Asker: 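My structure is below; once you've seen it, I'll send some questions.
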Amino acid sequence: MKYLEEFQNPELARRLLDEIRATVTRPWALMEVCGGQTHTIIRHGIDQLLPDQVELIHGPGCPVCVTPLEVIDKALEIAARPDVIFCSFGDMLRVPGSDRDLFQVRGHGGDVRVVYSPLDALKIAQQNPHREVVFFGIGFETTAPPNAMTVHQARKLGIPNFSMLVSHVRVPPAIEAIMTSPSCRVQAFLAAGHVCSVMGMGEYPELADRFQVPIVVTGFEPLDILEGIRRTVRQLERGEHTVDNAYPRAVRSEGNPAAQAMLADVFEVTDRAWRGIGTIPASGWRLSERYRDFDAEYRFSVDGITTREPAACRSGEVLQGLIKPHECEAFGTTCTPRSPLGATMVSSEGACAAYYLYRRLGTTPTPQEASPVA
Amino acid sequence: MCLAVPGKVLDIEERDGTRMATVDFGGVVKEVCLEYVPDLKVGEYAIVHVGFALQRLDEESARHTLALFEELGLLQEEFGDPWEAAAAPEGGDGAGGTPPAVRNDGSREVSR
Ligand code: SF4
């Protein structure tokens, strides 16, 4: 119980844990979809506080991690062009392509800029009319609406030198892919709260029904996660499989209709390759025909790229919950956040990074390690 | 990058035909687009992701989440200097941001 001090409200955390303990009678495997949730879980040692019967499996919900190598290589090639200002969120800087990363491209003279918002990239395009400004548009349903709005604005304001390299992914098809995989052990999902803030919960009842899995929409604080687990375990023990909202302060069942309308206008659903997992049908978005002019893939010819995945990296298995990061041989030896072999080690939401930061080599953490001070 | 942070609206204005706000994230102030939560008012809170308000939030849960994020160093991860983080030597926190300083003095009052 020593980790309980880490919680903002240890009393409430203890009550939730007691209730989970009192409810559970047999082993259950729950997948937390979102990488942000994985970090909270590992940072606070939540997985270790739970009764042994409750196993948490880490899901593929880290946008940086699942962006396919081919797209990273395209980004690197565009970013290295002298006429281009390449804008990206900070998390992408160290994500390894086949032979370099954005940080190195910048070191060799590429004009790579980190922006906080895609609108910042649009501003840069307005200020630099004689340069091509390209924004790296990745992310799940939470990030897609801001990027969609930015492309919409670029067209409305007539900014010809702005384009976006788009590689957006959608959660529901990933859940379906996980459930139909022959090696699947997942019996319930903690769904990603902020994805549902945008999309609502309408896409989930069909999945819960078809695969007989409880899907509980869950937030990101330790108490949110414990509450999500409590509700999930209760459903599993009762043999129920419904969609439940354990994060009502940020999620309404209809989501954000304005954002959904913009998504439908700017993007169209497409098959996407997920790094380490492979192609999942209808699992992503690309710019729709109407916005083709703003598609960096069309503007710059970056086809015919040959990629080289490091053979040692098992991030595909990590992302599908088949192994835990420290079971990879490269973990903490040839693969560290400073010289990562896979994106799951470099991303601030990656599962390998979570284990490296908070749990080093799979040893039981001291409270200090579970919540590092240095 | 998927982290959405609660912030308080300080000021609202129309720019390039778009509703924009100045938003305070526990001390860090940023420009935020309000197009997806157009009826948000000055003084209210919202969940903000990459410069866009995505959903209104009540003040109590917003304050609570902000306090926790600050304590865990997540705000530094979100708003800190990414170049510095990418160039940082191998150490406690290689994946981004400055090592989170976690402190538990029990002084913060929490009600949920
Ligand atoms: S530890 Fe490194 S090499 Fe192993 S799966 Fe994770 S990212 Fe890949």
Side-chain angles (χ1 to χ4, degrees), chain A residues 5-6 8-9 12 34-36 43 61-64 89-91 93-94 103 114 116-120 139-140 142-143 145-147 149 153 156-157 192 194-195 197-198 220-221 223 249-252 256 258-259 262 336-340 345-350 353 356-357 371-374, chain B residues 1-4 6 16-18 20 30-33 35-38 47 49-52 54-58 60-62 64-65 67-69 71-74 77-83 85-97 99-104 106 108 110-112:
Chain A
E5 294 95 75
E6 303 295 336
Q8 192 75 352
N9 188 335
L12 197 42
C34 172
R43 195 195 283 256
C62 160
V64 178
F89 295 133
D91 330 37
L93 298 182
R94 278 291 186 190
F103 194 72
V114 171
Y116 162 68
S117 163
L119 288 178
D120 296 341
F140 280 91
T142 325
T143 322
N147 291 351
M149 177 69 79
Q153 287 281 92
K156 195 170 88 181
L157 301 173
H194 292 147
V195 163
S197 292
V198 171
F220 301 86
E221 294 179 26
L223 289 174
R249 69 178 188 275
V251 175
R252 289 159 188 62
N256 184 323
M262 184 61 75
T336 64
R338 196 81 339 262
S339 59
M345 182 59 94
V346 72
S347 164
S348 55
E349 280 148 39
Y356 188 85
L357 291 181
S371 191
V373 195
Chain B
M1 136 197 165
C2 247
L3 185 69
D16 284 341
T18 306
M20 298 292 292
K30 293 260 178 199
E31 295 285 286
V32 167
C33 177
E35 286 290 303
Y36 291 138
V37 194
I47 289 206
H49 179 55
V50 298
F52 283 72
L54 293 179
Q55 205 57 266
R56 176 184 270 108
L57 204 64
D58 65 87
E60 187 193 315
S61 27
H64 175 257
T65 306
L68 185 71
F69 281 4
E71 189 152 312
L72 297 178
L74 289 172
E77 257 171 46
E78 187 71 2
F79 299 123
D81 179 359
W83 292 112
E90 183 82 58
D93 181 30
V102 176
R103 195 171 42 84
N104 263 296
R108 186 168 290 115
V110 181
S111 50
R112 283 172 66 117

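Throughout, a chain's letter reflects where its sequence line sits, starting with A, and its residues are numbered from 1. From a predicted model like this one, the values you see are computed outputs, not experimental measurements.
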Asker: Got a second to check how far Thr18(B)'s OG1 is from Lys156(A)'s NZ, nearest 0.5 Å?
Answerer: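 Between atom OG1 of Thr18(B) and atom NZ of Lys156(A) there are 4.5 Å.
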Asker: Could you tell me which of Ala259(A), Gly350(A), Pro340(A) has the largest number of non-hydrogen atom pairs under 4.5 Å with chain B?
Answerer: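 Top count of heavy-atom pairs under 4.5 Å with chain B: Ala259(A).
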Asker: When rounded to the nearest 0.5 angstrom, what distance separates CD in Gln55(B) from NE2 in His194(A)?
Answerer: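 The CD atom of Gln55(B) sits 10.0 Å away from the NE2 atom of His194(A).
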Asker: Hey, what do you get for CZ (Arg249(A)) to CG (Leu57(B)), rounding to the nearest 0.5 Å?
Answerer: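 So the gap between those two atoms works out to 6.5 Å.
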Asker: With rounding to the nearest 0.5 Å, note down the distance linking CD in Glu31(B) to CG in Leu119(A).
Answerer: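 Taking CD in Glu31(B) and CG in Leu119(A), the distance rounds to 9.5 Å.
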Asker: For Leu54(B), is it the side chain, the backbone, both, or neither that has a heavy atom closer than 4.5 Å to a heavy atom of chain A?
Answerer: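 Both the backbone and the side chain of Leu54(B) come within 4.5 Å of chain A.
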Asker: Are any of the side-chain heavy atoms of Phe52(B) and Pro145(A) separated by less than 4.5 Å?
Answerer: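 No, side chains not in contact.
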Asker: Quick one: which of Cys62(A), Ala250(A), Ser197(A) has the most heavy-atom pairs under 4.5 Å with chain B, could you say?
Answerer: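 Of the candidates given, the most pairs with chain B belong to Ala250(A).
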Asker: Quick one: pull up CZ in Arg56(B) and CG in Asn256(A) and give me the separation to the nearest 0.5 Å.
Answerer: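 It comes to 11.0 Å.
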